[in-house]
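Accompanying notes for the structure given below.
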Amino acid sequence: MTLHRAEKVVIITEKMISRGVCEILEACGATGYTIVAAGGKGSRNIRMTSERASVIDEFANVKIEVIVNDKAMGEAIMDQVAEKYFADYPGITYIEDVQILRPAKFEHD
Amino acid sequence: MTLHRAEKVVIITEKMISRGVCEILEACGATGYTIVAAGGKGSRNIRMTSERASVIDEFANVKIEVIVNDKAMGEAIMDQVAEKYFADYPGITYIEDVQILRPAKFEHD
Amino acid sequence: MTLHRAEKVVIITEKMISRGVCEILEACGATGYTIVAAGGKGSRNIRMTSERASVIDEFANVKIEVIVNDKAMGEAIMDQVAEKYFADYPGITYIEDVQILRPAKFEHD
Amino acid sequence: MEFVLDFLSRLITQFQSPTLGFLIGGMLVAALGSNLKIPNAIYQFIVFMLLMKIGISGGIEIRQADLSAMLLPALSSIVIGIAIVLLGSFVFSLIPSVKREDGIATAGLFGAVSASTLAAAIVLLEEESILFEAWVPALYPFMDIPALILAIVLANIHLRKTSAGKESKVDVAGIVKESLRSSALSALILGLALGLFTRPDRVLETFYEPLFRGFLSILLLVMGMEAYARLNELRRVAHWYAVYAFFAPIMHGLMAFGLGYIAHLATGFSPGGVILLAVIAASNSDISGPPTLRAAIPSANPSAYIGASTSVGTPVSIAVCIPLFIALAQVVFEL
Amino acid sequence: MEFVLDFLSRLITQFQSPTLGFLIGGMLVAALGSNLKIPNAIYQFIVFMLLMKIGISGGIEIRQADLSAMLLPALSSIVIGIAIVLLGSFVFSLIPSVKREDGIATAGLFGAVSASTLAAAIVLLEEESILFEAWVPALYPFMDIPALILAIVLANIHLRKTSAGKESKVDVAGIVKESLRSSALSALILGLALGLFTRPDRVLETFYEPLFRGFLSILLLVMGMEAYARLNELRRVAHWYAVYAFFAPIMHGLMAFGLGYIAHLATGFSPGGVILLAVIAASNSDISGPPTLRAAIPSANPSAYIGASTSVGTPVSIAVCIPLFIALAQVVFEL
Amino acid sequence: MEFVLDFLSRLITQFQSPTLGFLIGGMLVAALGSNLKIPNAIYQFIVFMLLMKIGISGGIEIRQADLSAMLLPALSSIVIGIAIVLLGSFVFSLIPSVKREDGIATAGLFGAVSASTLAAAIVLLEEESILFEAWVPALYPFMDIPALILAIVLANIHLRKTSAGKESKVDVAGIVKESLRSSALSALILGLALGLFTRPDRVLETFYEPLFRGFLSILLLVMGMEAYARLNELRRVAHWYAVYAFFAPIMHGLMAFGLGYIAHLATGFSPGGVILLAVIAASNSDISGPPTLRAAIPSANPSAYIGASTSVGTPVSIAVCIPLFIALAQVVFEL
Ligand SMILES: Nc1ncnc2c1ncn2[C@@H]1O[C@H](COP(=O)(O)O)[C@@H](O)[C@H]1O
Ligand SMILES: Nc1ncnc2c1ncn2[C@@H]1O[C@H](COP(=O)(O)O)[C@@H](O)[C@H]1O
Ligand SMILES: Nc1ncnc2c1ncn2[C@@H]1O[C@H](COP(=O)(O)O)[C@@H](O)[C@H]1O
Ligand code: NA
Ligand code: NA
Ligand code: NA
């Protein structure tokens, strides 16, 4: 098998907006995504972990990763998420180069 | 200290085959690996998180990361995992360039 | 929006020293970080997951990620963490190139 | 004078009540930097268990209750929820250093209801052997939902006036739905339905009831730890939030006590019911309110309203309001 | 006719039983899109607790039981498990739209056993004051393991025939081991061993027994939520799965009822035991069966067999089969 | 001779005690490769519950206790904790294959105290109807903290001698603080404070006490699984650790039994109290000790001290020491 270039977009933000973020991903054409529970610290200076009792669970962090074939799609995702959420909600987003097998898996039919 | 090029192979798949995947990693010569619990959505259209009660826990996702010094070893891991599992089980795999300290740590004696 | 080069430093180590690692990050000037619970296997040959009852929870792994604008800062973090902890505690660290939006978010005022 | 002495002696006894003890214990544990932690899974399960118990008991009672007796208290609940939000928004609007939507969101949270405060009041009433209609805790959503909706509507009206840009309509039906779908109200309503439509008496008696008091003790521990942890956030916002959070529960409770008293005279609403209604009013939402507000008023600063509510409002409503209203009832109703 | 009326009236009562109420409640909660969630840690702990209780009670009873009385029911269990799989595989083989190994896997799951259904039957028998030998639930593995093994063997024979490529031998010993190592069977066997070899009466009476009914109520809530959630998957496969999943539990239970009746005549197997045996047969594995099948028959589509079992099979066996077999027993044994 | 027979018969009975049964069950479950798991959240909650119960009972009793009666046992605890560490460090220093700081850390862990062993002893004393002062379990920190501090001081003195490089001072106050902040000691002290300053009798009787025995059974299961899992680590270090871990608990317990006997003669310390003191001494820390040592003596090999303690020390102190000291007490005090 040969490797193909692709992009991985990562969004780290509050759990409570994860549904909205995933809707953006799908609207932009992503074929899937992976979510991991996270804690962290940022400009809002709140540490959030999901293990210890926290009265408001929705304010924990999640890390959402999405692999896309197409860098333009990746940038569109980043832009839309930042535009829609990052004025009011904590969060960061970045993109990385990766190499994948089976590029067809990451393309919409 | 100076940095050295290395590769990070990532495999996202069902928890229940994680043991098998790790055996492949070790057989290929990896010196270690890291596992993170994950949820996600893919072509099989199932969202899996491990936090909410799910009657069948083994169907949650895991993200397995392995750092290898040698790109060929990384590709071998990807090939073998895809070959053995990805016809029947959900999953993706990709590889990224990273830079490490202490390259000897990632080499088998 | 345009993308800007940045670096992501990753540190995988024991939960119990995560506080110390985060202090190093902040001392080096990082503006934030993200923590994810992890299990894994390395040279010390211990598998650690945080889901199953483990009498000593502090020995589970964590994966700490920090995005920095400045590669020198990233390397300083890696060096200090390795220097301070990796003789006595299990752990690895690596650095990756990423691209970010809003570079000002990752700079100290 | 005698009332004051009675209240003071009661307050001192209250400080020996384990209920309050666990709350204060939690604060101290957090303040002293302890690594003690209650796992999140346990916390979520405890909240579920408490609300199921409240719901099932309520449902069983509603089955046999005279529905007309519930009318006045239910109406009072709606009125109180709305009044609290209007009042609070107005008060905050007088303070220049408070952003308009932050004030409205805070008022909304104090109009809404806290399951932990409610559960603590139930246990304390049982300890004092003061009876109440088991359906009273089911008034929860009648105050909670109108308060949250009104706060969201007010905030949106305000935001639309200032930034003519976004043309966002307030989706009242959507907010009601989201509220009812929240884990707290879902558990309460599920319990109510099970109490109404099935015969869960035995599982209630052998499981949900015996564990109630114990689980509450742990929940209060968590609330105490959380109250301390959020103090930092409260410190970063105007101190007016703390002032409001201290006095508002007492005012709201007294307001509700008055309306409850009218229901007592009109339809024989029990003294215990009056106390509970006052506590519901005094309480402020700590579990399901914050995410609802956060989603619906994204530009409001959560540190302001959550800090005020969790760090000051909840401790005050548990430690001050519950004993105050019990003492008041004992004088008023000559218990 | 009278039997039909009796059964219908019983079914209506059953719908008021909290046991069923929690199951339906869970479905509604999921259907209405509620955010209510039972943490996974709690769910896993509850399953463990229920199986430990069943195991310990069984072990204590086996200590004093006449082992010869267990022989016939145990043999019946093995026979039933095997018969269900053979029958189901044959039925599915007649349906062209069903992939061969998907049908076999589904039949395997319906031959295997559900801990939650079993626990629900135990509570309902207690509610009806119908006695049974405490070792009957320990028949679980006698039906579960042969069914799973047979399904895996059949699937592999089929796959080997079609794709001569892979030379995979079926590792029966390995499958038995994996089954016994599954968390569900481990808990049951651990409980049995503790009941047999230690004197756990007090911890059983003060802990495992009092919590049984309550924990079951929560487990049924989870099963209801899961049943609804998996409906989507079921919809994506042939509707024959749903048809099978509806009728098979009733058939399997009646078959087992017949064999149990023979054991009753032959060795005095109790009426309650006959009912439980029928429920065990009617039930389908929802916890440990699916991963076993997934690992051993990777090419079978899990949406088919899990959807059929969790979304239709389990609700039918709890809501229809348990009251049906109780009513049947009351007529047959003149209880 | 009679004593030996009595002890042997007692040991055999003990193997039928469910307490020990769960411990051995856990080991077998792990040894057989079962997938059974107790979720971490449940485990942490159980430890919290057991320590809260021990703390609350102790606090209530201390409120009414004659404080002077506690003086001698408390002093004995400190002395024993220190003696164990000195003795152990000395013994290990004689073994060339053991790194100096590994030996000291191991001795520190055996000087410290195990909550699970303590809880098991409490249940077994209740089973034998042997009374003890409820404040005895509160001696825990009096032995635990001095032992850990001394081990850390000794290790640091040693390390400073060898590598003159790092000029690390031992921060005794810091270590005490960290110990008290550990989740185990925090829970115990919180419980003590609640017992002393509030009136938690009802929540104790309705919640913490009834669940004690059951939760202990599950904790012992976890300890058994952990004991087996850590055997691998133990195998990778010198076998002297296993030898020490086998004999040290018995020695330490006998030492403490002697001091307790003196307190019995001097101030009427109860026989049950003497047994508990001996068990506290025999036990080795399995929850809060290891992280404390790991943080304070980073160069010591955790496989050595955790393997020795969890895999051998804890099983020996539960399975051998508790019945031994009970039998001893029955002979000595003619119970
Ligand atoms: N420099 C950073 N590196 C890694 N993660 C970050 C960084 N800054 C923020 N984060 C993550 O993004 C979340 C939100 O950040 P913020 O919007 O700055 O409050 C934090 O809780 C962290 O998890
Ligand atoms: N495009 C994607 N980006 C990130 N993760 C993905 C993507 N596609 C699939 N995954 C992950 O891989 C798992 C299996 O995918 P699939 O085999 O497509 O069902 C999903 O549950 C996701 O966690
Ligand atoms: N080659 C590797 N790839 C990925 N993760 C690793 C690797 N080696 C070690 N790790 C992680 O780092 C932790 C500590 O490793 P070690 O210091 O080798 O015991 C392990 O538990 C793994 O989570
Ligand atoms: Na209120
Ligand atoms: Na079956
Ligand atoms: Na000790």
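Below, read A as the first sequence line, B as the second, and so on, with proteins coming before strands; counting in each chain starts at 1. All values derive from a computational prediction rather than experimental measurement.
Below 30°, between 30° and 60°, or above 60°: for F:Phe45 and D:Phe215 the angle between ring planes is between 30° and 60°, a tilted geometry.
Under 3.5 Å, the side chains of D:Ser34 and F:Ser186 contain a donor-acceptor pair of N or O atoms.
Interface residue D:Leu32: only backbone heavy atoms are found under 4.5 Å from chain F. Of the atoms belonging to F:Ala193, not a single heavy atom falls under 4.5 Å from chain D. With a 4.5 angstrom heavy-atom cutoff, D:Leu216 does not touch chain F via any of its atoms.
Remark: side-chain polar atoms of D:Glu133 are paired, donor with acceptor, to backbone N or O of D:Ser270 under 3.5 angstrom.
F:Thr314 contributes atom OG1, which lies 4.0 Å from atom CG of F:Asn284 (distance to the nearest 0.5 angstrom).
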